[in-house]
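Below is one structure; the comments refer to it alone.
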Amino acid sequence: MSSTSQASQRINALLDENSFVEIGALVTARNTDFNLKQTDTPSDGVVTGYGVIDGNLVYVYSQDASVLGGSVGEMHAKKISHLYDLAIKTGSPVIGLIDSAGLRLQEATDALNAFGDIYLKQVNASGVVPQITAVFGSCGGGLAIIPGITDFTFMVDNKASLFVNSPNVLDGNYKEKCDTSSAKWQASEAGSVDAICDENEIYAQIRELVSLLPSNNEDGDSLEECTDDLNRACDNLDGAAADPALALRIISDNGVFFETKREFAKEIVTGFIKLNGATVGVVANRSAIFDENGKEVEKFDTVLTANGCEKAASLVNFCDAFDIPVLSLTNATGFGSTKCDERRVARNAAKLVYAFANATVPKVNVITGKAFGSAYVIMNSKAIGADITISWPNSEIGSMDAALAAKIICDGKDVATISECEAEYKKLQNNSLSAARRGYVDEIVEPADTRKYVIGAFEMLFTKRDERPAKKHGTV
């Protein structure tokens, strides 16, 4: 198999059968420096065109590593830029399949300008059409900015590399010590990657994601008929609440759940579900991960970390740009208290506040556990703009844990007095009923009824309009 056919075969494996139409197949490099004139550059190292995924129009480019390493030069970039122009005009997603040595050195400033051309097109398309990249080989240097601008990124495990600086040039590091270019590191530490899997699974994942997303920011026709019972009881939902990856599948139509940034900041779960045929973005606090047998395999504190806030804000911003409603499942008692968190948590928590408060899409919050202090306020509370807040009966909502509050209030008193104060604090302050009496909770529902109440809330909010002060954009 030639690499040229590999670039084309990647596209054919992704799209509906026989749907791909190539554009610019006859384009070649124009530069003649360093004997480039003598080098055959078919398609200038990138196959571009359009096709469909489940009948939905998409534009795709696939880099060809057999042509000058798939490096980006003038004509290579012009083909990708042209694809973006078409995508913006027609309102359709762009999917990039990356396998490139990066900047084409023989073209120098032409190649640098080429990078800039692509960046500009991506920025213009951001928030207008979904952008997806999948890294199959190398993606280094300035090329790494391309998946950084896109909305979702996938990487082939144990084969792809993504980096701005090679691991070996980092002070005190070398590839064997810490491969910062690996899919695993980029997914779990950098948060740059949504999923890592083998090549065939990547095609399936992209197809699933495209089927969930609107084609553009004005696509109001992406509803599908719901075949699941809208009033279906969510049995044992409270038992799965610690791991939203399970709970969200129970709530969603037919168990549909696409998780984003799966290996990064696992204490927050983000992704997309279906409710009554409509796609809904989700942000949820996680305290445990269960395996297929229901055994707890990983545990987390119910806190907002710097990385978790960053991850959640990114999802909310995407949903707001594409008019996707947002559902949050709240179980948060405070903030991450590591040195790394303290360095960035205030700034990233501010970004999450901004994302929720700034979003004008329908927003529903379900309080499933404890909701204490500022962490509760930040997690899509009514105070920052949630349209509807639903609470489970046993949820605790307040400024802090009752036991801690009692110790502060009754400082210096005996154990019996502190215990009595704790019970009184729970009754008066730390429960869903006291919050509902003050108007901070709209409905108290049994966990099993969560699906029908959430669907009802989003149905009611379908025609929501939210006017904001006129401004160019915020600065958070």
Side-chain angles (χ1 to χ4, degrees), residues 63 65 68-73 77 96 98-109 111-116 118-119 122-123 133-197 260-268 298 300-301 303-314 335-352 476:
Q63 292 178 314
L68 298 175
S71 58
V72 178
I98 307 291
D99 188 357
S100 169
L103 182 78
R104 186 173 298 170
L105 293 177
Q106 297 96 322
E107 296 194 23
T109 50
L112 285 171
N113 191 73
F115 267 153
I118 297 174
Y119 299 158
Q122 285 188 284
V123 170
T133 45
V135 184
F136 291 89
S138 179
C139 179
L143 189 65
I145 307 301
I146 290 176
I149 299 176
T150 59
D151 302 305
F152 305 98
T153 301
F154 300 83
M155 284 184 76
V156 176
D157 197 12
N158 300 321
K159 183 179 176 184
S161 60
L162 174 63
F163 57 93
V164 174
N165 296 293
S166 172
N168 294 339
V169 305
L170 302 177
D171 285 346
N173 190 51
Y174 46 92
K175 192 171 184 180
E176 291 73 21
K177 179 180 179 181
C178 180
D179 187 0
T180 52
S181 68
S182 70
K184 182 179 179 181
W185 194 90
Q186 287 292 329
S188 62
E189 298 295 327
S192 303
V193 177
D194 290 279
I196 52 176
C197 37
T260 58
K261 295 194 182 343
R262 298 162 201 181
E263 301 300 318
F264 182 63
K266 293 181 182 180
E267 67 281 355
I268 282 276
E298 207 167 342
F300 307 95
D301 293 330
V303 296
L304 294 177
T305 63
N307 286 344
C309 289
E310 177 186 356
K311 174 179 173 178
S314 175
F335 297 94
S337 55
T338 67
K339 187 177 179 181
C340 181
D341 277 314
E342 191 60 25
R343 187 180 297 120
R344 300 181 299 118
V345 72
R347 183 64 177 168
N348 286 358
K351 289 180 179 179
L352 183 54
V476 178

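When reading the values below, keep in mind they use all heavy atoms of this one structure, side chains included, and skip hydrogens, waters and symmetry mates. In this chain, numbering begins with 1 at the start of the sequence shown.
Here Lys351 pairs with nothing under the salt bridge (charged side-chain N to carboxylate O under 4.0 Å, His left out) rule; sequence neighbours left out. Not counting sequence neighbours, Ser161 has no partner by the side-chain hydrogen bond (donor to acceptor under 3.5 Å, both in side chains) test. Contacts of Asp151 classified as side-chain hydrogen bond (donor to acceptor under 3.5 Å, both in side chains), with partners at least two apart in sequence or in another chain: none. Residues satisfying the side-chain hydrogen bond (donor to acceptor under 3.5 Å, both in side chains) test with Asp179, not counting sequence neighbours, are Ser181.
Here Phe163 contributes atom CZ and Asn168 contributes atom CG; the two are 10.0 Å apart, rounded to the nearest 0.5 Å. With rounding to the nearest 0.5 angstrom, the CG atom of Leu170 is 10.5 Å from the NZ atom of Lys177. With values rounded to the nearest 0.5 angstrom, Leu162 atom CG is found 9.5 Å from Ile98 atom CD1. The line from CD1 of Ile118 to CD1 of Ile145 is 12.0 Å long, rounded to the nearest 0.5 Å.
Scanning both residues, Glu310 and Phe264, for their nearest heavy atoms gives OE1-CZ, 4.2 Å. Taking every heavy atom of both residues into account, Ile268 and Ala312 meet most closely at CG2-CB, 4.2 Å. Leu103 and Ala111 make their closest contact through CD1-CB, 3.3 Å (heavy atoms, listed as atom of the first residue, atom of the second, distance). Of all heavy-atom pairs spanning Ile196 and Ala187, the tightest one is CG2-CB, 4.2 Å. Residues Gln63 and Asp99 approach most closely at OE1-N, 3.1 Å, considering heavy atoms. Ser138 and Leu143 make their closest contact through O-CD2, 4.3 Å (heavy atoms, listed as atom of the first residue, atom of the second, distance).
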Under 3.5 Å, which donor-acceptor pairs do the side chains of residues 336-343 form with other protein atoms, sequence neighbours left out?
from, atom 1, to, atom 2, distance (Å)
Thr338, OG1, Asp341, N, 3.0
Thr338, OG1, Asp341, OD2, 3.0
Asp341, OD1, Ala306, N, 2.9

side-chain contact (heavy atoms from CB on, under 4.5 Å) assessment of Tyr119 paired with Ile146: CA-CA 7 Å; Tyr119 299 158; Ile146 290 176; 4.0 Å; yes
side-chain contact (heavy atoms from CB on, under 4.5 Å) between Asn307 and Arg344, worked out: CA-CA 8 Å; Asn307 286 344; Arg344 300 181 299 118; 2.6 Å; yes
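Of the possible donor and acceptor atoms, none in the side chain of Lys311 sits under 3.5 Å from a partner among the backbone N and O of Glu267. Side-chain N or O atoms of Asn173 include one that pairs as donor or acceptor with a backbone N or O of Pro167 at under 3.5 Å. For Asp194 (side chain) and Thr153 (main-chain N/O), a donor-acceptor pair under 3.5 Å exists by modelled atom type.
Identified under the side-chain hydrogen bond (donor to acceptor under 3.5 Å, both in side chains) test for residues 182-192, with sequence neighbours left out: Gln186-Ser192.
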